[in-house]
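Scroll down for the structure; my scribbles are underneath it.
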Amino acid sequence: ATGEAELGEEYYSELHDALILADIGAALAEKTVSWLRTTSSEQGVSSSEVARQLLKQRLTEMLATEEPKPLFADERLNVILFAGVNGTGKTTMLAKIARLLLDENLSVVAAAADTFRAAAVEQLSIWGQRVGFPVITGAQGADPASVVYNTVEHALAQGKHAVLIDTAGRMQTKTALMDELSKIGRAARKVVEKRGEDPDEKLHEVNLLVLDATTGQNAISQAKLFSEAIALHGLVLNKIDGTAKGGVIFPVVATAQVPVMFLGVGEDVDDIVEFDAAEFASALLD
Amino acid sequence: ALSDRLQKILGGFRSRARLNAAEIESGLREIRIALLEADVNLKVARGFVTRLKDKLASETVGRALTPAQTIVKLVHEEMVNVLGGDEAAQLAATSYAGRFSPMMLIGLQGSGKTTTAGKLALRFRNEGQRPLLVALDLKRPAAVEQVSIIAGEIGVAAHSGTATTPVDLAREALSYARKEGFSPVLFDTAGRLQIDTELMDELTAIRQVVEPVEVFLVADAMTGQEAVNIAQAFNEKVALTGVILSKFDSDTRGGAALSIRETVGVPIRFVGTGERPDEIEPFYPERWASWILG
Ligand SMILES: Nc1nc2c(ncn2[C@@H]2O[C@H](COP(=O)(O)OP(=O)(O)OP(=O)(O)O)[C@@H](O)[C@H]2O)c(=O)[nH]1
Ligand SMILES: Nc1nc2c(ncn2[C@@H]2O[C@H](COP(=O)(O)OP(=O)(O)OP(=O)(O)O)[C@@H](O)[C@H]2O)c(=O)[nH]1
Ligand SMILES: [Mg+2]
Ligand SMILES: [Mg+2]
């Protein structure tokens, strides 16, 4: 259909459904549709093509945050921590980011700070062998923060560019595990302070919350509670190669005010894409 | 919580016998929003609310209940009804004793299959059986090790074969299990996307070899709107006998339970409630309904 009738009730109702099915959530779906109604009438928009452009623009803006921290900084020890609930793809994403850094001729060492789950250390070690980065381990059941501590000490002594920290999956509702994560997050700074140096000068810390694109509204709770345990600097959205659109990322970014840095698009080491808000918004509307 | 929101909207006790149209509308709106926020599939939420509307129109508000309490009671009943009442609890009492029982665990990447395989194996061991864990995931780094470590922790045997494809490995493990008298045999498969034709075909091939008495889809309890499509695709490829929802110890409302049960018609058999091998229990619709209603 073309012309005035194009932006009628059926259009808005279908749009609302599409947003819900993309996991954007009931509240944001409603808000977005009412925004489009108002804006379309204000701007005299009657074609669905123009409406789509407006919508894409709006969604792209929603994903913008202030002062995003870069993944990497020169002249400092880069410490990148991978956190999130169980099974979201943290360990695999660590290997992918290690690959990116190695491709830039940067030296990388990983801290196997998941000292809990069966074969977690073995899994990371195999990635280390495949991709080409050393993995520092501790005893099974050891304090994860101590593994990070040892790895950062080693990295400073050896002049490495980056430390990548693999942490155990944990439910955001388990206070003891969130406390453990806070402790893990402080370990790198402790090493630097013990040397009598300023962590803010010596370290460039990036804490990433790794989310699964198939997750529904629970991602909002994950972002909220994880950000209370450690400062979050970036989000990773994995398994976007599946059929889930990952629309929950919109309310997550709105509440956590943290930018999406990467998308995981498969199980191989090069299945990683640097996040582009406009492309993501466009894909969501398809 | 939904019941609190309904209470706020519909107020206190009253002498009128029925809810008026406006009250029903606002009550239903709250329910629809709560279901969507709980990740219940859009179509399922709509259908649920439509059925509820008919029930509410003819419901008499009890003397001892507020309108909100009346609605909550009906919603609770309808949810338990859709979810199959106590069918999961009854099925959990299934005895596999005396019959060779191969079982498959399938699902998306990271959903909790391997951990769940260990949980089921421990349950069967505690029931006096001789289960065997079989790792068929040759792709994920250290997947086979993960199974053997879990097996060691729970005192259950794990098969370690020499075959180099999942189908051949399944065949090898099956004959080993029959020969050594192991049962149930739990086949842990690699995570895969339901849209990956090659890997979905592999699942069919494994099923033909294994001839399972149970095929469990292990799905993440926090799965969003795609839960139905995912479950449907797996069910069409390898007929499911049950769904196990993992990670129910998060604060997710787990709307996927309602969506999958209603659309795919397969019972939710168990829920995973933690990472330890004893953290699994039969699915109780009553509990789930109370959890969603808050
Ligand atoms: N399809 C797809 N699978 C992925 C992606 N990222 C990871 N996976 C798979 O998801 C599963 C879980 O990945 P892991 O890296 O072990 O996840 P994790 O968050 O470290 O898990 P835990 O440490 O147990 O919490 C593995 O089978 C991975 O191969 C992705 O982007 N796409
Ligand atoms: N909190 C919690 N964690 C769980 C539960 N079930 C599994 N996990 C965790 O979820 C993560 C993934 O579990 P796995 O058993 O490796 O998942 P999988 O489906 O075998 O993964 P792939 O083989 O890579 O597809 C691990 O960290 C498990 O410990 C559960 O019920 N609760
Ligand atoms: Mg991991
Ligand atoms: Mg597995």
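The sequence lines fix the lettering, A, B, ..., with proteins before strands; numbering per chain opens at 1.
- Residue pairs meeting the salt bridge (Lys or Arg N to Asp or Glu O under 4.0 Å) criterion with at least one member in residues 119-142 of chain A, sequence neighbours excluded, do not occur.
- Salt-bridge check for A/Asp17 with B/Arg46: passed, with a basic side-chain N closer than 4.0 Å to an acidic carboxylate O.
- Evaluation of the salt bridge (Lys or Arg N to Asp or Glu O under 4.0 Å) test over residues 162-173 of chain A, restricted to residues two or more places apart or in two chains, returns A/Arg170-A/Glu180.
- For a heavy-atom cut-off of 4.5 Å, chain A lies close to B/Lys139, B/Arg140, B/Pro141, B/Ala142, B/Glu145, B/Gln146, B/Ile149 in residues 137-149 of chain B.
- Shown here for B/Ser250 and A/Thr173, the closest heavy-atom pair between the two residues is CA-OG1, 4.0 Å.
- Within 6.0 Å of NZ on B/Lys43 lie no more than 12 heavy atoms contributed by other residues, nucleotides or ligands.
- For the set A/Gln172, A/Lys239, A/Glu267, the count of heavy-atom pairs under 4.5 angstrom toward chain B peaks at A/Glu267.
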Show, in sequence, the C-alpha distance, side-chain angles and deciding distance for B/Asp251 and A/Ser221, and conclude whether the side chain to side chain donor-acceptor pair (under 3.5 Å) test is met. CA-CA 8 Å; B/Asp251 56 3; A/Ser221 159; 2.8 Å; yes
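- Both the backbone and the side chain of A/Asp241 come within contact range of chain B, judged by heavy atoms closer than 4.5 Å.
- When all heavy atoms of B/Gln225 and A/Leu21 are compared, the closest pair comes out as CB-O, 3.4 Å.
- At most 12 non-hydrogen atoms from other residues, nucleotides or ligands lie less than 6.0 angstrom from CZ of B/Arg29.
- One distance of note links NZ of A/Lys174 with CG of B/Asp249; it measures 3.5 Å at 0.5 Å rounding.
- A distance of 8.5 Å separates CG in B/Asp39 from OG1 in A/Thr215, rounded to the nearest 0.5 Å.
- Comparing B/Thr223, B/Leu36, B/Leu42 by heavy-atom pairs within less than 4.5 Å of chain A, the highest count is held by B/Leu42.
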Step by step, would you call B/Glu275 with A/Asn86 a side chain to side chain contact (heavy atoms under 4.5 Å, CB included)? CA-CA 9 Å; B/Glu275 294 194 70; A/Asn86 306 71; 3.0 Å; yes
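- Of the two parts of B/Arg32, only the side chain, counted from C-beta on, holds a non-hydrogen atom closer than 4.5 Å to a non-hydrogen atom of chain A.
- B/Met222 pairs with exactly one of A/Thr214, A/Val248, A/Asn218 by the side chain to side chain contact (heavy atoms under 4.5 Å, CB included) rule, that one being A/Asn218.
- At a 4.5 Å heavy-atom cutoff, A/Lys245 makes no contact with chain B through either its backbone or its side chain.
- Note on B/Ala38, B/Ser246, B/Gly110: by heavy-atom pairs under 4.5 Å with chain A, the leading option is B/Gly110.
- Ranking A/Ser125, A/Ala26, A/Gly87 against chain B, the residue ahead of the rest is A/Gly87, based on heavy-atom pairs under 4.5 Å.
- No part of B/Asn229 comes within reach of chain A, as not one of its non-hydrogen atoms sits under 4.5 angstrom from that chain.
- For A/Glu10, there are no side-chain hydrogen bond (donor to acceptor under 3.5 Å, both in side chains) partners, not counting sequence neighbours.
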